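These notes concern the structure reproduced below.
A quick note: this is a predicted structure, and the numbers were derived from the prediction, not measured.
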Amino acid sequence: MASHDRSIEQAVPEVEEQTVLRATVGASIGNMVEWFDFAVYGYLATTLAVVFFPSDNPTTSLLSTFAVFAAAFFVRPLGGLFFGPLGDRIGRQRVLATVIILMSAATFAIGLLPGYATIGIWAPLLLVVCRLLQGFSAGGEFGGGATFLAEYSPDDRRGYMVSWLEFSTLIGFILGSGSVLVMNSALGEDAMVAWGWRIPFLVAGPLGLVGLYIRLKLEDTPEFRALETTGEIAESPLREAITQNWRQILQVGGLVIIQNVGFYIVLVYMQTYITEQLGFSSLSASISTTLTLLFAMALIPPLGALSDRVGRKPLLTVSCIGFAVLTYPLLLLMNQGNLLVAILGHIALGALLAIFISTSVAALTELFPTRVRYGGFSIGYNISVAIFGGSAPYIAVYLIDATGNPLSPAFYVIFGAVATLLTVLTIKETAGTDLLKTQEDLEEVSV
């Protein structure tokens, strides 16, 4: 077995630093395009509620809009089950090129949909179809991007290199938030409802072509090419991942509960919370979200590098404890009626999220052997995001409506933080791990 493992290691091609940089930039740009497409819907939620779900009750319209937002997440496990094992069988690069086409086409189609006033019930139904296609695509994106970057990264710098994936995710979100901010400022609410909401969705078409071009120029990862050279590609990666790596899949699902709850509460729902609950303008909400995104982005690469030095678990633990202890006080602070204080509270929540996501993606890739990394990561991650991520804005709106307490979303975040902290305690430190480790190595580590 040892000589067999060495033969795979010897088959890994040498990669120049310039190639690693090109792979990092290329994967990150493609990822940015994907998440711009996906995020725009959340930032236009209040406008889309009027266009597709008109009602005398604004809460009902908003709940309907966020229910469609959540629908995309419920099909993400199907995308993970399909694209993840496919990426382990035919390669990371080819699958990543496919998912960006699907995401961009679905997003572009949303921009062409007639509203409820034009075609009635068919408008929200077609919106649901487009969101389901977005979700199916997203199910293959994040695990693939993480795997691609991790397998190009040196062992001692993987935390830093992989952190750029989350950095690019936030660029996608900030482009979505920024475009909505600019359009709200330039057009006003009436024009946004009439036609302005379409523009960010239509931009997905040319952006998708750019992302596709970049991804087609990338070579597949050294580790996957080594598996091809030695004939060690898994014949049935889905079955192998589930039967031999079920423990790691469960750990991934538990580790990303707070990542998903925190991400979609802090970076998506807060856009609505600031207007609907705190009473500030849409412009103020967009400014707050944009500043929070910028601050989180500035933290992510240095924190990723820090995780290479001190380990993944310390940063993951600090973030979980921070969310559990500070979320309620920060929401209380945001409800004091002062816009500056509300923005500072929002930024503080973004900082807690940045600590976690700067570190988590590298840790998740290090749990799996190369043969099933794409599939194992994608299955565990997307099941968790379907349950805890996409539903987060809906649950937040529901909790406030049911309790009358504007601070009630804090309890959902606290639950996510505690659940993830308990999972962190079950994993070994993985910083610096050799990604060519075998299944036997993983089983020894997990004992």
So do the side chains of [X] and [Y] get within less than 4.5 Å of each other, counting heavy atoms only?
X	Y	answer
L126	I110	no
V256	L364	yes
L44	M192	yes
T107	Y41	no
E366	R312	yes

Could you label the plane-to-plane angle of the [X] and [Y] rings as parallel, tilted or perpendicular, counting under 30° as parallel and over 60° as perpendicular?
X	Y	result
F388	F415	tilted
Y160	W164	perpendicular
F377	F142	tilted

Can you name the closest pair of heavy atoms from [X] and [Y] and give their distance?
X	Y	answer
G416	I257	CA-CG2, 3.6 Å
L353	G262	CD1-C, 4.0 Å
F356	S319	CB-OG, 3.2 Å
S281	T275	O-CG2, 3.5 Å
I300	I357	CD1-CD1, 3.8 Å

State whether the side chain of [X] and the backbone N or O of [Y] hold a donor-acceptor pair below 3.5 Å, judged by distance alone.
X	Y	answer
D88	G375	yes
Y273	P406	yes
R198	G111	yes
S358	I355	yes
S104	I100	yes

Spacing of [atom1] belonging to [X] relative to [atom2] belonging to [Y], to within rounding of 0.5 Å:
X	Y	atom1	atom2	answer
L207	M32	CG	CE	6.0 Å
I29	S168	CD1	OG	9.0 Å
I383	S378	CD1	OG	10.5 Å
I400	Y398	CD1	OH	13.0 Å
L255	T359	CG	OG1	11.5 Å
E166	L299	CD	CG	13.0 Å

| Out of E219, M161, R22, R158, which residue meets the side-chain contact (heavy atoms from CB on, under 4.5 Å) rule with Y152? |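 For Y152, the side-chain contact (heavy atoms from CB on, under 4.5 Å) test succeeds with only one of E219, M161, R22, R158, which is E219.
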
| task | Check the side chains of Q271 and S286 for a donor-acceptor pair under 3.5 angstrom, ignoring hydrogens and angles. | result |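 The criterion, which ignores hydrogens and geometry beyond distance, is satisfied for Q271 and S286.
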
| request: Using a strict 4.0 Å threshold on nitrogen-to-oxygen distance, state whether E228 and R92 make a salt bridge. | output: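 Salt bridge: no.
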
| Is a salt bridge present between E235 and R89, judged by a nitrogen-to-oxygen distance below 4.0 Å? |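 Salt bridge flag = no for R89 with E235.
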
| Listed partners of R131 passing salt bridge (Lys or Arg N to Asp or Glu O under 4.0 Å), at least two apart |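 Salt bridge (Lys or Arg N to Asp or Glu O under 4.0 Å) list for R131, sorted by chain: empty.
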
| Within a radius of less than 6.0 Å around CZ of F280, do more than 12 heavy atoms belonging to other residues, nucleotides or ligands occur? |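 Yes, enclosed.
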
| said: Before you tell me yes or no, could you show the steps for F73 and Y264 under ring pair (Phe, Tyr, Trp, His ring centres under 6.0 Å), namely the whole-Å CA-CA distance, both residues' side-chain angles and the distance that decides it to 0.1 Å? | reply: CA-CA 11 Å; F73 288 80; Y264 290 100; 4.9 Å; yes

| request: Please lay out, stage by stage, how F52 and W122 fare under the test ring pair (Phe, Tyr, Trp, His ring centres under 6.0 Å). | output: CA-CA 9 Å; F52 289 95; W122 285 103; over 10 Å; no

